[in-house]
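Have a look at the structure below before the remarks.
This structure is a prediction, so every number in the text was calculated from the model and none was measured. All heavy atoms count here, side chains included; hydrogens, waters and symmetry mates do not. Convention: sequence-line order gives letters A, B, ...; per-chain numbering from 1.
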There are 2 protein chains.
Amino acid sequence: MYNSANVAERQSQAPSLAISTVIFALRTDPSSGASEIWLPLVRRIRQPHLGKWALPGGPLGARESLQDAAARNLRETTALDPTYLEQLYAFGGLDRSATQRLVSIVYWALVRPDQADLARDSENVRWFRASEAVGLAFDHDEIVAYALERLRGKVTYGSVAYHFLGDRFTLAQLRGVYEAVLGKHLDPANFRRQLRSAQDIAATDEVLQGGRNRPPRLYRYTGP
Amino acid sequence: MYNSANVAERQSQAPSLAISTVIFALRTDPSSGASEIWLPLVRRIRQPHLGKWALPGGPLGARESLQDAAARNLRETTALDPTYLEQLYAFGGLDRSATQRLVSIVYWALVRPDQADLARDSENVRWFRASEAVGLAFDHDEIVAYALERLRGKVTYGSVAYHFLGDRFTLAQLRGVYEAVLGKHLDPANFRRQLRSAQDIAATDEVLQGGRNRPPRLYRYTGP
DNA sequence: GGCCGTTAGGGTCATGATGACTATAACTCA
DNA sequence: TGAGTTATAGTCATCATGACCCTAACGGCC
């Protein structure tokens, strides 16, 4: 059957390939001062799932790499450059889309938003708290959950947390990232001890002035 | 080549999608008794890279999931069922194949070979020591290296080593898996102590008779 | 100016995991 | 019967971790 199919049939049988990107940014709650994870979603402007919110994405260009396509998704959605971008997973279940067989290679990214840009929602792009990004189009609920899992893993294990922050940061800010991602309180003293033994972080000779309390020292990420 | 320029253009623009699988099995060196990692490769019977060795793979069927396609690769190549099968990575660089734009979603698998099957090479399928699988077609050298990296990670961290072995195994056999994967010697006593605290392993009341030395106890994997 | 609340940043202590090592048990083979 | 080999248990120093305490340094308030 496969061999005898003509070109048109083969065309309709070949699964379509798309690239999508889960974009995470950190936002500080104005009232509590705690950090939270946010992500931008785009509104579907065609069937299926018209009107629902979905991950930014689209077809893979003929002359762009997978990662370039993900970065393009990101620029077109947020007008920001990623500070971290990594492949998440390829989703290819048979029932992902009712209208066609669709394989999505999904990336996840961290961006460092100016607060202004994060607020600049448009008609078809809106930022959501990660915990409130549910009821999305296709299987994007699962994809977001999986991306959050990966984020948690990378934060506990490694060196991703820095990419949420600017080039100078206090240990309290960094701890805020950990707490937002892992969803639990961390002892400040123990956190400090652990990060002193981390290789890719260095103290600067500056401190952050203007706070209410003792001015904290600023640190710098020296890794890749 | 195609009956319509329109289709031909679209065809040349849309990247082709293929599934490939890196299949690992354990083999015991007859002289030293040490365990080694082997994998099967297939000979290219068409251009490009005609005659070179490559990972088993092929196009994604219209009605099969990504994982099903990988399992089919595996059956067709080795006539074995996987004891472990996981997505590795999607490779989609622009220069992977000289003749077409090709995106490969690669899986990696562990199989538990009867020694007989592992030896049964054919004209176009041959098993190689992982360390000697170099000079492959396309970017498959890199893919194998990446799969070995992932295998090492999963073994150190978790619960994959069991899937190389049968349903009953001695701790020495399990230690052999770790040593083959990690490429270093492990202290037998410390290894034993660590695995006693692992959840998904249980001692049976049987021992393995017939060896040269004190008969070792047999263990059982109780995890997923 | 002096006290207070808060965060920064340094330390202690018990606990648990880890690596190096020793000792004994149980088998085969010469 | 003893030598060689592996199985299995235990010991000890070291290191990372979590819980906790203490002092330093700021702003705000009286």
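- Taken from CD1 in B/I143 to CZ in B/R96, the straight-line distance is 5.0 Å, to the nearest 0.5 Å.
- Annotation: ring-ring contact (aromatic ring centres under 6.0 Å, His included) contacts of B/W38 (sequence neighbours excluded): none.
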Base versus backbone protein contacts along nucleotides 17-30 of chain C [heavy-atom cut-off under 4.0 Å; B, S, -]: -BBBB---BBBS--
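- No salt bridge links A/E179 with A/K184; every basic N to acidic carboxylate O contact stays at or beyond 4.0 Å.
- Centroid-to-centroid, the aromatic rings of B/W108 and B/Y146 stay 6.0 Å apart or farther.
- With respect to A/R27 and A/E36, no salt bridge is recorded, no charged nitrogen being found less than 4.0 Å from a carboxylate O.
- Bounding nucleotides for the chain A contact on DNA chain D, 5' to 3', at a heavy-atom distance below 4.0 Å, are D/dT17 to D/dG27.
- Here the P atom of nucleotide C/dT7 and the CZ atom of A/R192 are 14 Å apart, to the nearest Å.
- Surrounding CD of A/Q199 are at most 12 heavy atoms belonging to other residues, nucleotides or ligands under 6.0 Å away.
- At a threshold of 4.0 Å, the pair A/E206-A/R168 counts as salt-bridged, since one of the basic side-chain nitrogens sits closer than that to a carboxylate oxygen.
- Here the P atom of nucleotide C/dG11 and the CZ atom of A/F191 are 19 Å apart, to the nearest Å.
- In summary, the side chains of A/Y84 and A/E86 do present a donor paired with an acceptor at a separation below 3.5 Å, with no hydrogens or angles considered.
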